[in-house]
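Quick caveat, the model's predicted, so the values are computed rather than measured. In what follows, chains carry the letters A, B, and so on, assigned in the order in which the sequence lines appear, proteins first and then strands, with residues in each chain numbered from 1.
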Protein chains: 2
Amino acid sequence: MAAKRSGAQSKRSQRKNVKLPSVQEPPLSLERIVATAVELLDAQGIDGLTMRRLADRLGAGAMSLYWHVDNKETVFDLALDSVLEYRGPQQTGESQDWRADVVHMLEGWRASMLRHPWSASLLPRRALGPNILSRLELLSRTLSGAGVADADLNAAIWSLWNYVIGATITRANFDRSDDDMTAAQQRLAGLSEHYPTIERSRLLLDNDWDGTFRKGLDFLLDGLALGTGRDAAGRNP
Amino acid sequence: MAAKRSGAQSKRSQRKNVKLPSVQEPPLSLERIVATAVELLDAQGIDGLTMRRLADRLGAGAMSLYWHVDNKETVFDLALDSVLEYRGPQQTGESQDWRADVVHMLEGWRASMLRHPWSASLLPRRALGPNILSRLELLSRTLSGAGVADADLNAAIWSLWNYVIGATITRANFDRSDDDMTAAQQRLAGLSEHYPTIERSRLLLDNDWDGTFRKGLDFLLDGLALGTGRDAAGRNP
DNA sequence: GGTTGACTCGTACGGTGTACGATGCGAGTG
DNA sequence: CACTCGCATCGTACACCGTACGAGTCAACC
């Protein structure tokens, strides 16, 4: 009976010598599976990812995937976490401008997810992978180093995290909805009648998403600095 | 050729006299379908909702649903929006404590969604239904009445909305993950090694979610009040 | 009686995730 | 060399999914 790799902790055992010199399809591997899954998700969206389609793209049979992966759920987990990989300085020391650091960090986070809009929809249902945890760790370290009181630290971390998640999801959702402009148009036609304030503020129409994100983040950081007794260093006028 | 109800705007035409006096199963209706869908989602989660299962619960054939509903997607849309129905005062006038109003409003919002954890996972992918828009309208009106500057209004609305969405999703996600404690335990075992700051702050462990939500909301409102030149009325010591 | 329209549903089709067992293959051992 | 064994691949099959299609029922109206 085949033992079937389960925990996914052991690397794929590499053969000593790869024989065939010009193989068309390289062998399956966890890395290739995840990378191709991301491609497929980018191209076709969440419903476009199918085990059979994924295997086709890899030049393999559908069931071959299951040697490397427990089930489809873990493909989603791995794809999501891979998209959130953070490449950048792991600055642990105190920066002169912690606030700019945080803004930069969170904007990069948001950008990573908007580059793969499906990731925002996926995040709510999936576990925290190592890359997500790394980003949390970095955020945590930065805030801690910035002098946020221990009693406020968790609330600070979570509020920033939540804000980024929510803003990204909202934004990604609007991108998607704008695909079918006709529905949007006719929906907005009846808005002014029932939702006058929304209509007047043009909340749903020509929003500057990047600017809005930044502005809300500034609100949050202002309150945070105020709450922890530090002045809001580096706030732009 | 049957015309098949599409736009879903017309109420179901009621027959003059309903004959059979003691029918076991009441006739299908959009309301009953949506209500049963919510039941099913509560009981079995997102993947548990199936057109066949839904029809079974209603004592009907699967295809009968399609007279009332275009497709499964709209069942999700309707279920989500129905869960977010807001019952409460539509206060338009200026309250003495706008801040308490906002807190109360958003906490109710969050509570509604946590009562149906699937709703948080659904929100990112679904359109804005009338109930969602109503809540946005109310929030918008309250902030506007509280004297938030027009230039800041949209950013204020979106930042609060984003925060609530993100916080609810994070919370609901943790509830779900805690179901399989074994995985959580063994995952946390390796935490201290790679993520020392997270480990030390016990960020993922015994979090007081309600308190954290409130605290982060206070940060945001502090910053908002500060940004708009008003003092932070009613902030608790 | 005949027609029409609202509503229900049985059947069928193409697709899905994946359990199971057969197969191939390279390396190690005798 | 023959043999075994573990890794890796894959064909087949099953239960289930969303839903297109068209036939059926039944009340209301001409």
Side-chain angles (χ1 to χ4, degrees), chain A residues 1-21 23-33 36-37 40 44-77 79, chain B residues 1-20 23-33 36-37 40-41 44-77 79:
Chain A
M1 183 184 302
K4 186 171 187 177
R5 184 142 69 100
S6 61
Q9 68 279 19
S10 69
K11 288 285 181 194
R12 185 171 176 282
S13 75
Q14 56 251 18
R15 305 199 185 90
K16 293 293 167 59
N17 289 326
V18 178
K19 287 291 175 56
L20 316 176
V23 178
Q24 285 287 52
E25 303 285 354
L28 278 175
S29 72
L30 200 57
E31 295 77 21
R32 241 165 60 79
I33 289 177
T36 310
L40 203 49
Q44 317 233 41
I46 284 191
D47 293 336
L49 178 58
T50 293
M51 295 305 267
R52 285 179 236 255
R53 268 210 276 268
L54 180 54
D56 268 5
R57 274 209 180 206
L58 289 160
M63 291 312 293
S64 305
L65 301 177
Y66 285 87
W67 178 261
H68 305 268
V69 156
D70 276 351
N71 46 40
K72 191 185 179 182
E73 299 256 297
T74 77
V75 176
F76 277 132
D77 284 339
Chain B
M1 183 184 304
K4 187 172 186 179
R5 184 142 69 100
S6 61
Q9 69 279 18
S10 70
K11 287 285 180 191
R12 185 170 175 281
S13 74
Q14 56 250 19
R15 303 199 187 92
K16 291 293 167 59
N17 290 328
V18 178
K19 286 291 173 60
L20 315 176
V23 178
Q24 286 287 52
E25 302 286 354
L28 278 177
S29 72
L30 200 58
E31 294 78 21
R32 240 165 61 78
I33 289 178
T36 308
L40 203 49
L41 284 165
Q44 317 233 42
I46 284 190
D47 294 336
L49 178 58
T50 293
M51 295 305 267
R52 285 179 236 253
R53 268 210 275 269
L54 181 53
D56 268 5
R57 274 210 181 206
L58 289 160
M63 291 313 291
S64 305
L65 301 177
Y66 286 87
W67 179 262
H68 304 268
V69 156
D70 277 352
N71 47 39
K72 192 185 179 184
E73 299 255 298
T74 77
V75 175
F76 277 132
D77 284 340

When rounded to whole Å, the OH to C1' distance for the pair B:Y66 and C:dG10 reads 15 Å
Roughly how many Å is it from CG in B:L28 to P in C:dC9, rounded to a whole number? 7 Å
Using every non-hydrogen atom in the two residues, find where B:A60 and B:L28 come nearest and quote the distance to one decimal. CB-CD1, 3.8 Å
Please report the shortest heavy-atom distance between A:A62 and A:A55, naming the atom on each side. CA-CB, 3.5 Å
B:D47 CG to C:dT16 C1': how many Å, rounded? 12 Å
Calculate the interatomic distance between A:L30 atom CG and D:dC7 atom P; express it in whole Å. 16 Å
Please check this pair: side chain of A:T50 against backbone of A:R53, looking for a donor-acceptor N/O pair closer than 3.5 Å. no
Taking all heavy atoms of B:S64 and all of B:H68, pick out the closest pair and write down the distance. O-CD2, 3.6 Å
Is the shortest side-chain N/O distance from A:H68 to OP1 or OP2 of D:dT9 below 4.0 Å? yes
Residues in side chain to side chain contact (heavy atoms under 4.5 Å, CB included) contact with B:M63, at least two apart in sequence or another chain: B:Y66
Rounding to 10 degrees, work out the angle separating the end axes of the helix from C:dG1-D:dC30 to C:dG30-D:dC1 (five pairs an end). 30°
Interatomic distance, A:I46 CD1 vs C:dT16 P [rounded to whole Å]: 16 Å
Grab the CG-P distance between B:L58 and C:dC7 for me, whole Å please. 16 Å
Return the CE to CG distance between B:M51 and B:D56, rounded to the nearest 0.5 Å. 12.5 Å
State, with a plain yes or no, whether a side-chain heavy atom of A:L58 is found less than 4.5 Å away from one of A:L65. yes
Counting the atoms with a prime plus P, OP1 and OP2 as sugar-phosphate, which does B:A55 contact under 4.0 Å by heavy atoms, base, sugar-phosphate, or nothing? nothing
Rounded to the Å, how far apart are A:W67 CH2 and D:dT9 C1'? 10 Å
So, is B:S64 close to the C:dC7 phosphate, meaning a side-chain N or O under 4.0 Å from OP1 or OP2? no
Spacing of B:L65 atom CG relative to D:dA20 atom P, expressed in whole Å: 13 Å
Taking only N/O atoms, report every protein-nucleotides 12-17 of chain D pair under 3.5 Å with atom names and distance.
unit_1, atom_1, unit_2, atom_2, d
D:dC17, OP1, B:T50, OG1, 3.1

Closest non-hydrogen atom pair, A:L49 against A:F76: CD2-CE2, 3.6 Å
So which atom in A:V75 and which in A:A37 form the shortest heavy-atom distance, rounded to 0.1 Å? CG1-CB, 3.8 Å
